[in-house]
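Remarks on the structure that follows.
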Protein chains: 2
Amino acid sequence: MTTSTISLRDIRSFHVSGRTVKLSGQPTQTVKVSPDSAPRTVDLNGHYVTGQLYAQHFMLETPQTDIPVLFWHGGAMTGVTWETTPDGRPGWSQLFLRQGHDVVISDAVERGRSSWSPYPQIYDSAPLFRTAEDAWYLFRMGTAEGFSENPVLRSPFPGQRFPTGQFDQLCAQFVPRWTTNAVASVAAYAELVSQFDKVIIVAHSQGGWFAQSVAARMSDRIAAVVMLEPAGAPEMTPEQMAASARVPHLYVWGDNCDDHPAWKPYKQDALAHSEQLQSLGGVADHMDLPKLGITGNSHMPMMDDNSDDIAGMVQDWLHTALTLRNED
Amino acid sequence: MTTSTISLRDIRSFHVSGRTVKLSGQPTQTVKVSPDSAPRTVDLNGHYVTGQLYAQHFMLETPQTDIPVLFWHGGAMTGVTWETTPDGRPGWSQLFLRQGHDVVISDAVERGRSSWSPYPQIYDSAPLFRTAEDAWYLFRMGTAEGFSENPVLRSPFPGQRFPTGQFDQLCAQFVPRWTTNAVASVAAYAELVSQFDKVIIVAHSQGGWFAQSVAARMSDRIAAVVMLEPAGAPEMTPEQMAASARVPHLYVWGDNCDDHPAWKPYKQDALAHSEQLQSLGGVADHMDLPKLGITGNSHMPMMDDNSDDIAGMVQDWLHTALTLRNED
């Protein structure tokens, strides 16, 4: 499956959303743009685009469905999450392309090719940087004590499915993030969705929070939301909850969540939210991998050694969910 | 030509280069990662990967040559430069794919998906942000006075070929840059080149400076360097100059360079450098578009309304240069 040709009619990239802001009162700077070139004056006063979101749309020659899959990454990451795995296997974007879905990879506002803005002048806060130590523990590679500066001395959880030998390649993917741009991020994702008649959103971690927020606002355009370990659930009005319940939701959970100080509350939030969706007649399914006998998955199931299998399970769920929805 | 199918054997992305550094003495922070989720402690002390470079390799099912084209963008930009033009036409990456070249799009160190590092802790300086005003003048959309906050009041140069109606879409592509990372950038680009037996580099602006630097160090692996308005030429030792002269160089220049305070010296530097290459028996050709009767091009010929034509001229030059080189 993964070695077949990907025949594309087009690859189109663009930025959506964003607004122009003006900065004034900044001191003029003199810089050399290249080490051996003449210095030139740089005036930072002026106009900037802020809040824009970068997306890349891969359009198949003969898609099997007219509903593209929008991949939304998690905190401190970019669309690279979905491309190639850290150990060089095809990422989910390729798996879904090869299954006949058009795919759209995007970078969240403030990250990667979406760019970021000066703080405190435009953004309200300073960025946060993700350390290797933080990722090792938060992404559940192993215990905090299992991390070592020396890659060969690291002790992952027994049966760990993440390719921990390539953990530093994962760390190379990290980008700074802010915690004060949620409104702009949701607006930009909503504008991305509005580019299409109907979409499937596949979201990871913090991206799952954005996906739920947008699904509540644009339920008519969203055929399904698949979340790999969403970082909790947004607070919603009864109206938003009712709209959300019209969108089938799938939650996928890896191993070692239930006694983790960050993941236990996120998962509890998500479970409570999904029960509310169900009580309103919505489809809100959980694929709790250890309960299905699939152990060893990290916070990054799209990169783990069984990433192809999990993609297949998600595709099967999507097939059923979309068929049921069409029969409504 | 531009509507044919792109049949890919694979799309592979990865980060090259970079090193791990340790940060200590930073205060612990408590943050909410999502607005409605429980706060958690973030410890910024620890290990970071810095200096890495992101690249995405599009591999054709049946390439017409085994030499991929590496596209290197300019200052304050990312690989998006080469994708879709601001007014939605196919960028050079697509034109070259459709001409049978494998292509590699990358983001320079510190930009886009290559990420950036805390300053002053890891980077030595603060970032520079590009304003719309700066870009309007530096990219030669018009005179400085021709810029207006209001898009409909802007006055481009007469005959301007850049789609200035979409100038704000170009501004959305800008990312901050530093002026103190040249060593890490050249190292990362060299490591990118080392992933391939032989490459063609197509570089824009500051990327041209990097391309010349890498060509001087790795002339055996570089079949040709094409530069769209390079931001000057690197200083070189006689040995580096001799190595550079073994690599065919093409320089492409747009309109309104010769009386521009930034572009006049950059172009003079480049001309002087190319004359040295020629004096050593090297191929160093200039495609000075206004002298060829092609007027109105901006600093962004890969986005101007004749971007397809210029790509074709570059492809013709490459064909000749590579044929001549093979006959050596």
Side-chain angles (χ1 to χ4, degrees), chain A residues 5-9 11-15 18 20 29 31-38 40 42-44 46-49 52 54 61 75 78 80 83-84 94 112-113 115-116 118 128-129 131-134 149 168-169 171-176 179 182 206 209 231-232 234-235 262 265-266 269, chain B residues 5-9 11-15 18 20 29 31-38 40 42-44 46-49 52 54 61 75 78 80 83-84 94 112-113 115-116 118 128-129 131-134 149 168-169 171-176 179 182 206 209 231-232 234-235 262 265-266 269:
Chain A
T5 302
I6 298 173
S7 292
L8 300 169
R9 152 170 85 81
I11 308 168
R12 191 173 65 99
S13 69
F14 53 88
H15 286 80
T20 297
Q29 297 174 263
V31 297
K32 288 184 179 187
V33 174
S34 309
D36 309 319
S37 66
R40 65 180 187 83
V42 177
D43 185 354
L44 297 180
H47 292 80
Y48 297 88
V49 176
Q52 71 272 37
Y54 166 80
E61 182 68 30
T78 69
V80 175
E83 295 181 344
T84 304
Q94 285 193 56
R113 292 173 168 180
S115 196
W116 56 279
L128 293 178
F129 294 82
T131 62
E133 285 86 342
D134 182 50
E149 182 171 305
D168 289 350
Q169 179 72 225
C171 295
Q173 298 183 12
F174 298 158
V175 295
T179 56
Q206 188 198 29
W209 191 92
E235 286 178 13
Y266 283 148
D269 272 7
Chain B
T5 302
I6 298 173
S7 292
L8 298 169
R9 155 169 82 83
I11 308 168
R12 193 173 63 100
S13 70
F14 52 88
H15 286 80
T20 298
Q29 296 174 264
V31 297
K32 287 185 179 187
V33 174
S34 310
D36 308 320
S37 65
R40 65 180 186 84
V42 177
D43 185 354
L44 297 180
H47 291 80
Y48 297 88
V49 175
Q52 71 272 34
Y54 166 79
E61 183 67 31
T78 69
V80 175
E83 295 181 345
T84 304
Q94 285 192 57
R113 293 173 167 179
S115 196
W116 55 279
L128 293 178
F129 294 82
T131 62
E133 286 84 344
D134 183 49
E149 182 171 305
D168 289 349
Q169 179 72 225
C171 295
Q173 299 183 12
F174 297 158
V175 294
T179 56
Q206 187 198 29
W209 190 93
E235 286 178 13
Y266 283 148
D269 273 7

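Just so it is clear: chains get the letters A, B, ... in the order the sequence lines come, proteins before strands, and each one is counted from 1.
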Contacting moiety of [X], where chain B heavy atoms sit under 4.5 Å:
| X | value |
| --- | --- |
| A:F174 | backbone |
| A:P265 | neither |
| A:D43 | backbone |

First locate atom [atom1] of [X], then atom [atom2] of [Y], and finally report the distance between them rounded to the nearest 0.5 Å.
| X | Y | atom1 | atom2 | value |
| --- | --- | --- | --- | --- |
| B:I11 | A:I11 | CD1 | CD1 | 6.0 Å |
| B:D168 | A:H15 | CG | NE2 | 13.0 Å |
| A:R9 | B:I6 | CZ | CD1 | 11.5 Å |

Specify which of A:A262, A:C171, A:P118 makes the most heavy-atom pairs with chain B at under 4.5 Å.
-> A:P118
Main-chain N/O of B:T5 paired to A:E61 side chain as donor or acceptor, under 3.5 Å = no
Do A:L8 and B:L8 touch side chain to side chain, with heavy atoms closer than 4.5 Å?
-> yes
How about A:R113 and B:Y54: do any of their side-chain heavy atoms sit closer than 4.5 Å?
-> yes
Sequence neighbours left out, what passes ring pair (Phe, Tyr, Trp, His ring centres under 6.0 Å) with B:F129? Give chain and number order.
-> A:W116
By side-chain contact (heavy atoms from CB on, under 4.5 Å) - contacts of A:V175 (at least two apart) = A:T78, A:R111, B:S115
Among B:V49, B:D134, B:T84, which has the most heavy-atom pairs under 4.5 Å with chain A?
-> B:T84
What's the shortest heavy-atom distance between A:T131 and B:L44, and which atoms?
-> CG2-O, 3.5 Å
Over all atoms of both residues, closest heavy-atom pair of A:E83 and B:S13 | OE1-OG, 2.8 Å
Run the side chain to side chain donor-acceptor pair (under 3.5 Å) check on B:E133 and A:Y48 step by step: do they pass?
-> CA-CA 9 Å; B:E133 286 84 344; A:Y48 297 88; over 6 Å; no
